[in-house]
Amino acid sequence: MNAPLLRRVREAGGLHVPLGTLAELSQDPVRDLDELEAFGFSFERHPILGVAFRAPSARLCPDQIEDGLATDCVGRRVAVWNRVASTNDLAARAAGSSANEGLVILADEQTAGRGRRGRAWVVPPRSSILMSLLLFPKGPLADSAWLTALGAVAVAELVRDWTGADARIKWPNDVRVGGRKIAGVLVERGPGAVIGIGLNANVGPDDLPAEIAGSSTSMQILLGGIVDRSELAADLIRSLDRLYLDARRLGPLPLAASWRALSEHIGKHARVLLREGEVIGRVTDLDLLGGLTLVGPDDTPRSYPGSDVVSVSTL
Ligand code: BTN
């Protein structure tokens, strides 16, 4: 597939591009456009004006994702599948070799997508970002909570950049807008660390299972139109790469600070489910490495280590 030609036509923003100006990118622009159309891209062709971009393919396009990715670690290899059981499984299978650090697995559909705490992750085929990233982090970056934060911060920033919405992180791994979940992160450990990310993209109000529809949102709902999932995936890969490389240079704290700043809990009353029991109070501090501090009805601050906190729900 001719990705540079696709980029040129896409970047014209819906205006026609004369076929003659594509000659430097393609020996046969008509054949290349036919191939892109066969993949699902939509163009308007005019005998004099040339070709104009109309719509992205409903399928994730590996060539489009890799074109101009320019990352150092995350996305050094990108594998895109039509249908898999779980992208996390495929990434884990590649963990036998640390040469696979930065491998990204993407799928248009999962038949056995997993969420946290044994839940299923179900979205319509070709609707969302279903991504797993394989890393071999060292020292403090190998901490599972930090890796979860890496995924959550990358997604929250992406949603903010694309929609302008005030995306926030609900402890420990949900990204929400206005209290509705748009993405989740599932970190699984083996010889490497797999960061699985599910981000609702082209999901309409009626597309989700009834039990989560009322508490979920999507890029489509926020923007009022569909998004180009391949571009969204590429931006997410770039964002993960930037955050991970920064952390390898500067350590875990800058990301921990971003995670805290993006948290939806600070200053709010919350119900905190602990490994043993439950507490309610106002969250006064939240630290990825240190845990959570809560002021209860008796006005006394109490801290709970992060490893004891199962979930936090803002009241
Ligand atoms: C959660 O919020 O419970 C975490 C959801 C994580 C879902 C993603 S989709 C891609 C990757 N593959 C999976 O099976 N799960 C994660």
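All ligand and atom numbering here is 1-based and tracks the order in the structure. Both backbone and side-chain heavy atoms feed into the values below; hydrogens, waters and symmetry mates do not. Numbering of residues begins at 1 and proceeds along the displayed sequence.
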task: Could you check if a side-chain atom of L60 sits within less than 4.5 angstrom of a side-chain atom of I65, using non-hydrogen atoms only?
output: yes
Starting from the N and O atoms of ligand 1, collect every protein N/O partner closer than 3.5 Å and put each pair on its own line with the distance to 0.1 Å.
| unit_1 | atom_1 | unit_2 | atom_2 | d |
| --- | --- | --- | --- | --- |
| ligand 1 | 2 (O) | N173 | ND2 | 3.4 |
| ligand 1 | 2 (O) | K181 | NZ | 2.6 |
| ligand 1 | 3 (O) | R116 | N | 2.6 |
| ligand 1 | 12 (N) | T87 | OG1 | 3.1 |
| ligand 1 | 12 (N) | Q110 | OE1 | 2.9 |
| ligand 1 | 14 (O) | S86 | OG | 2.7 |
| ligand 1 | 14 (O) | R114 | N | 2.7 |
| ligand 1 | 15 (N) | R114 | O | 2.7 |

task: Evaluate the side-chain proximity of D63 to L6: yes if any heavy-atom separation is below 4.5 Å, no if none is.
output: no
query: Does R54 reach the main-chain N or O of G14 with its side chain, forming a donor-acceptor pair under 3.5 Å?
result: yes
- prompt: Do T314 and K170 come close enough that some side-chain heavy atom pair is under 4.5 Å?
  reply: no
- prompt: Are any of the side-chain nitrogens in R238 or D241 under 4.0 Å away from the carboxylate oxygens of its partner?
  reply: no
message: Counting only heavy atoms not in R83 (residues, nucleotides, ligands), do more than 12 fall under 6.0 Å from its CZ?
response: no
